[in-house]
Amino acid sequence: MLRKITLLFVLLTSFLLFNQVYYAQGRGTLRGIVFDKATKEVLPGANVLIKGTSIGTACDLDGKYVIYNVPAGTQTVVVSYIGYKTVTMELNILPGKTLEQNFGLEMTAVEGEEIVITAQAQGQLQAINQQLTSDKIANIVSEARIQELPDFNAASALSRLPGISTTKSSGEDNKVVIRGLSPKYNAIEVEGVKLSATGSSSIGLTSDPYVQTGGLNNDRSVDLSMISPYMIRMIAVYKSLTPDMNANSIGGTVNMELREAPSGFHWNVLWQQGYTAKSKYYGNYRGVASASNRFFNDKLGVYALINTEAYDRNSDNMDANYGIAAEQAQIDPLTGYRPVKVNSVTFNRHLETRRRLGANLILDYNIPNGSLKFVNMFARLNSDYTEHRQTINYDNGRMEWQLRSGINVIDQQLNSIKLDYDLDFITVDLSASYTAATNNLKNSPVFSFNQTDALQAGVLRDNKRPEELTYLLTKYKGADEVVLRSGNLFSNLYKEKKYSLKGDFELPFNFSSILNGSFKFGGYFYDQKNSTDQESPYLAFNGNANSTDNDIQTNLMRTIKNEFGISTNTRGELVGSSFIDTNNKLYDPFLDNRYGPIFYAANTGILNDILYYIMSKPEFDASNKDVSTGAQGGWYNGPYQKLTNDYNYREKYYASYVMSKINFLDFMIIGGVRYEKVKTEYFAYNARDMRNAQAQIMYDTTAHGSNEFLLPMGQIKYTPLNWLDVRYAYTQTISRPDYHLISPKFTITQNNEIYTGNPDLKPAKAYNHDLNFTFHSNSIGLLTIGGFYKTIENFVFNATYQLDAAEGAGIDSLRRYQIIRNGQLVVTPIVNPTTKKSNATVYRPLNNPYKAYVKGLEFDFQHRFWYLPYPFNGLLIGINYSRIFSETRYPFYDVKVKIVGRDRIPVLIDSSSVGRLIDQPNHVLNSYIGFDYKDFAVRFSFVFNDEVATVNGGRYPENDSYADDYFRIDFSARQKLPFFNSELYIDFSNLNSANTQSIQKSTGGFRNIQNYGLVANLGIRLRY
């Protein structure tokens, strides 16, 4: 198949080269710039057409256009841009020559009225025109629009677009969900270069039974909260792809273009102060400074930007865990559900200062018939946090407290060089890039406390919501009965770095005035390396500090008591009164105390001192053979703590494509095919947790894999009227599995649980259909109505099953989790000596045998009331709405016992539940209304989404959960000042103090609440 495509490609290329040479004798080239006649600002997306033909093009982001193969002679050129008057001009095209012609356009206005060009209007018009002239189904956020919205980062700006929702961190948008597909299914690019995944600081497996971690979770998503909007001049969301784009994107591709130097010297300074209502904190700030100039007759451009900021991101977060009240409980015929009960409720008082640092340096050099561009971008997100967690464990009558703190630093880096060169008969784009990301959490302490018999037990809780159980919180016995249980010092270093090479070659052709276009081909290669290095050393505060015994653990406890003056109870346990935090703000009402008060909070100071003191003493090191056998207590920092979550991964990617764009009468047709191949190598460690710092052995393992795809894609655009476009696209795209899921390693815990990856996972593949109708004119603005339908196969799900039953069903085997060295079995789960089987619980990712379906409708309307009399012609509105549906089946496994004679044989029963895709909202609505009056601009904007799927309960639909309605109001106002082209502005985000919250399905009780409140900013910006 590939050979046939290659032969066809060679023949077609040869024919088109001959066509270029043969026809070029009677044709010429037209190039130039389209700009606003009043402001001299360029107009990206302006249409330039040769009247009476299908020959034409659209301006790029710099307002530049070039049209090849224009028939020689007098031609009428038509230049149009929504919101501006169309310009028609006759030009004389000479054969074999290039004519440069610039066009200045005037904004539309009521005759006799003053033409007022405002930032809001310019932002809306730029977005509309760039969207209309895109050769893909796309949504655009223009530079002007980015600046005038109260959006704190790139993710927030994207959340205003149709079909886009976001995930949040302490109230701040950080990752984008496109058409209900989670962030890991979408691609994020800058200047066409895919950014490195930012990973996660979530800790994987640990030996400490008091700590529940989030598990290793390194997917392919990118945190956009670290990218300042002031770096960006345009953001495009491509919902249909063309063969020249990376196909690893099921939801869509986000591409951000950065600023570059205009002609002349310019500088720009911005400073703002901010206020966080929840913390009543006025110390937030943001500073941005940029400068640019062009040298050597405008050939060399230099643009530099730096930004710095610090913001309070405190929040109160509540999580409730639900379970089935009884396995054999009857389903209520009225509700259709079994009774559920609240197992636990966790309060998390999250204190965080979030700092950002960013810088751009962009150089571009114009050469004859081309340009060189060198892009450098760096962004850092520094999160300095402390978390005071209180868990009410209703199942065992305990209260538990946990103190977590750390500094999490995420870096993103991009360096690229690109050559664009025009040889008249072919255009060449060559680029090389380096991208890197790190996610570093170093020495993050976690301390655990509890108090037993701390609440009324034995009370029925069937179908009770968390707020209905506060009457049970009556037995808290004070800080003297709170006991320190464990201490950890977690570290995580995730790295990704990638070297890329890309080449694109485009041959324009022109067979007649109604049939023309281009043929394009190219290739892409990258070499990517990922690694995670985690450490999870820990210390259990077991033993009797009052004892005179001389073992390592007793000595440790006694030393802590004496060295730091810690109080103990009669059992010699270290009690909470010695660690209590006296900051009264920590005990302020938590979500109005609807779910109970904060009873206890610990101070980080003395706890950290104890932890580092113990670490510094060899006599308390469990790895020290002089004082311990490795399993008697002390500070555990052995091979298991250092290596069990570590891995190294390498991915080599090869891609090539051929495609053609054809303009015929009122049609534009794009068709082609993309070939992608990936080779992988994965290194990790197998082990069983021996809880022995000296005897623990780790066994390395390596796996190799590969996959390849041939992906056809096609789009058609039909323009029957000058105010109507109809577009249809069919594409095939893929999504490669998360990095941690394709690991070849397994880990067996003390509880005989097996956590394993699956190097045989297949990438998910999507078959995508898109249909869009776009109505556009000066009087309409932009109205788009569209629909999409996706069929996706091979999504990944996390399977849980009993090993002996799975072995009987042929889907797994005991041998997979056993290691033999020198004829000896050195690693194995617990095996029944009679049956030679293991009933270990296995957690393993598998490809879903069922397909997923995603479909929806999108509506977008943007309008400016330019035709109303002054001052009402400064009014503009925008509204977009998306209705999204998804469905898939979630497999799960049950075990039933089959009696054969005297034997009881476990049998695996596979089943599934129907549900929506996680992160999929049902409704997404965004709107804004803006008004400009002379130099004053004001805007209200609104964000709404509802019923975002958050948890699928599997065999128990009662445990399904979804996010409740989220409605946020934002406000911004700007006033230009009479000096330095400056403006004063004020922004309010979350005026109505909306919370993010999810609901347990059967009772309507809260499963999660994130409370963060209003943020306000006051700033000034100076431009020259």
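The residues of the chain are indexed from 1 along the displayed sequence. What's counted below: heavy atoms across the whole structure, side chains too, no hydrogens, waters or symmetry copies.
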*Donor + acceptor pair across side chains of Q534, N492 (<3.5 Å)*: yes
_Reported OG-to-CG distance for the pair S882 and L161, which is rounded to 0.5 angstrom_ = 10.0 Å
*Give a yes-or-no answer on whether the side chains of T731 and N768 include a donor-acceptor pair shorter than 3.5 Å.*
yes
*is_close_aromatic(Y966, F944), centroid dist under 6.0 Å*: no
*asked:* We want to know whether N839 and D804 form a side-chain donor-acceptor pair, criterion being a heavy-atom distance below 3.5 angstrom.
replied: no
*Identify, with sequence neighbours excluded, every residue that meets salt bridge (charged side-chain N to carboxylate O under 4.0 Å, His left out) alongside R674.*
E676
*Donor-acceptor side-chain pairing of Q818 and T828 below 3.5 angstrom*: yes
*Ion pair present between R816 and E807, side-chain N to carboxylate O less than 4.0 angstrom?*
no
*Rounded to the nearest 0.5 Å, what's the gap from CG on L181 to OG on S886? Could you check?*
8.0 Å
*Quick check, are the ring centers of F683 and Y647 under 6.0 angstrom apart?*
no
*Scan side-chain atoms only and decide if T747 and K745 contain a donor-acceptor pair under the 3.5 Å cut-off.*
yes
*Would you check, one step at a time, whether the test side-chain hydrogen bond (donor to acceptor under 3.5 Å, both in side chains) holds for N530 with Y494?*
CA-CA 7 Å; N530 298 65; Y494 168 85; 2.9 Å; yes
*Decide whether T391 and N393 meet the rule of one side-chain donor and one side-chain acceptor closer than 3.5 Å.*
no
*asked:* Between the side chains of D219 and K184, is the shortest nitrogen-to-carboxylate-oxygen separation below 4.0 Å, so that they form an ion pair?
replied: no
*Does atom NZ of K464 have more than 12 heavy-atom neighbours, drawn from other residues, nucleotides or ligands, at distances under 6.0 Å?*
no
*List the steps and the verdict of salt bridge (charged side-chain N to carboxylate O under 4.0 Å, His left out) for K1001 and D960.*
CA-CA 5 Å; K1001 188 174 183 178; D960 287 358; 3.7 Å; yes
*Can you label the angle between the Y185 ring and the F795 ring as parallel, tilted or perpendicular, going by 30° and 60°?*
tilted
*Say whether T950 and S961, considering side chains only, have a donor N or O and an acceptor N or O under 3.5 Å apart.*
yes
_I'd like to know if the side chain of Q920 reaches the main chain of I884, judged simply by a donor and an acceptor atom lying under 3.5 Å from each other, with no hydrogens or angles considered._
yes
*Nearest heavy atoms of K136 and R727, plus distance in Å*: O-NH1, 3.3 Å
*asked:* Assess, by modelled atom type and distance only, whether the side chains of N952 and S913 contain a donor and an acceptor separated by less than 3.5 Å.
replied: yes
*To the nearest 0.5 Å, what is the distance between OG1 (T800) and CG (N798)?*
7.0 Å
*Is R160 salt-bridged to D173, cutoff N-O under 4.0 Å?*
no
*Would the F797 and Y850 ring centres measure less than 6.0 Å apart?*
no
_Note: D319-R1007 ion pair, threshold 4.0 Å (strictly below)_ = no
_So, taking the atom named CG in N758 and the one named CG in L846, what distance separates them when rounded to the nearest 0.5 Å?_
6.0 Å
*Measure centre to centre between the rings of Y843 and Y755, then say whether the value is under 6.0 Å.*
yes
*List the steps and the verdict of side-chain hydrogen bond (donor to acceptor under 3.5 Å, both in side chains) for Y817 and D812.*
CA-CA 10 Å; Y817 309 110; D812 209 343; 2.6 Å; yes
*Give a yes or no on whether the backbone of I830 and the side-chain of S838 come within a donor-acceptor separation of less than 3.5 Å.*
yes
*For K765, side-chain contact (heavy atoms from CB on, under 4.5 Å) partners two or more places apart*: F709, L711, Q732, I734, Y767, E793
*Which heavy atom in L857 sits nearest to a heavy atom in F788, and how many Å separate them?*
N-CE2, 4.3 Å
*asked:* Here's one to test your reading of the geometry: is the NZ or CZ of K855 within 45 degrees of the ring axis of Y789 and under 6.0 Å from its centre?
replied: no
*R883 NZ/CZ over Y881 ring centroid, <6.0 Å and within 45° of normal*: no
*Candidate pair D946 and N922, rule side-chain hydrogen bond (donor to acceptor under 3.5 Å, both in side chains), full reasoning*: CA-CA 6 Å; D946 79 334; N922 280 345; 5.1 Å; no
_Residues S221 and K175: side-chain donor-acceptor under 3.5 angstrom_ = yes
*Ignoring hydrogens and angles, state whether a donor on the side chain of Q1000 or T1003 is under 3.5 Å from an acceptor on the partner side chain.*
yes
*Check whether more than 12 heavy atoms from other residues, nucleotides or ligands sit under 6.0 Å from atom NZ of K762, and answer yes or no.*
no
*For T835, does its backbone N or O pair with a side-chain atom of N832 as donor and acceptor, under 3.5 Å?*
yes
*Would you confirm whether R461, through its side chain, and V342, through its main-chain N or O, come within 3.5 Å as a donor-acceptor pair?*
yes
_Tell me whether the rings of Y649 and Y739 are parallel (<30°), tilted (30 to 60°) or perpendicular (>60°)._
tilted
*Please examine the side chains of P849 and P891, heavy atoms only from C-beta on, and report whether any two atoms are closer than 4.5 Å.*
yes
*asked:* Assess the residue pair Q715 and S240 against the criterion (side-chain hydrogen bond (donor to acceptor under 3.5 Å, both in side chains)); give the C-alpha distance rounded to whole Å, side-chain angles, the decisive distance to 0.1 Å, and a yes or no.
replied: CA-CA 9 Å; Q715 301 191 45; S240 68; 3.2 Å; yes
*For residues E887 and V854, determine if any side-chain heavy atom of one lies less than 4.5 Å from a side-chain heavy atom of the other.*
no
_Just verifying a value: how many Å separate S1002 OG and N463 CG, rounded to the nearest 0.5 Å?_
6.0 Å
*What is the distance from atom CG of D894 to atom CZ of R955, rounded to the nearest 0.5 Å?*
4.0 Å
_One thing to verify: whether E858 and K239 come together as a salt bridge, which I'm taking to mean a side-chain N less than 4.0 angstrom from a carboxylate O._
yes
*Between E947 and N945: side-chain donor-acceptor atoms closer than 3.5 Å*: no
*asked:* When you measure from the side chain of N686 to the backbone of F746, do you find a donor-acceptor pair of N or O atoms at a distance under 3.5 Å?
replied: yes
*asked:* Could you tell me if T167 and N174 have a donor-acceptor pair between their side chains, going purely by distance under 3.5 Å?
replied: yes
_Pairwise side-chain contact, Y653 with V678, heavy-atom cut-off 4.5 Å (strictly under)_ = yes
*Can a donor-acceptor pair be found between the side chains of N218 and T532 at a distance below 3.5 Å?*
yes
*Scan side-chain atoms only and decide if D919 and S182 contain a donor-acceptor pair under the 3.5 Å cut-off.*
yes
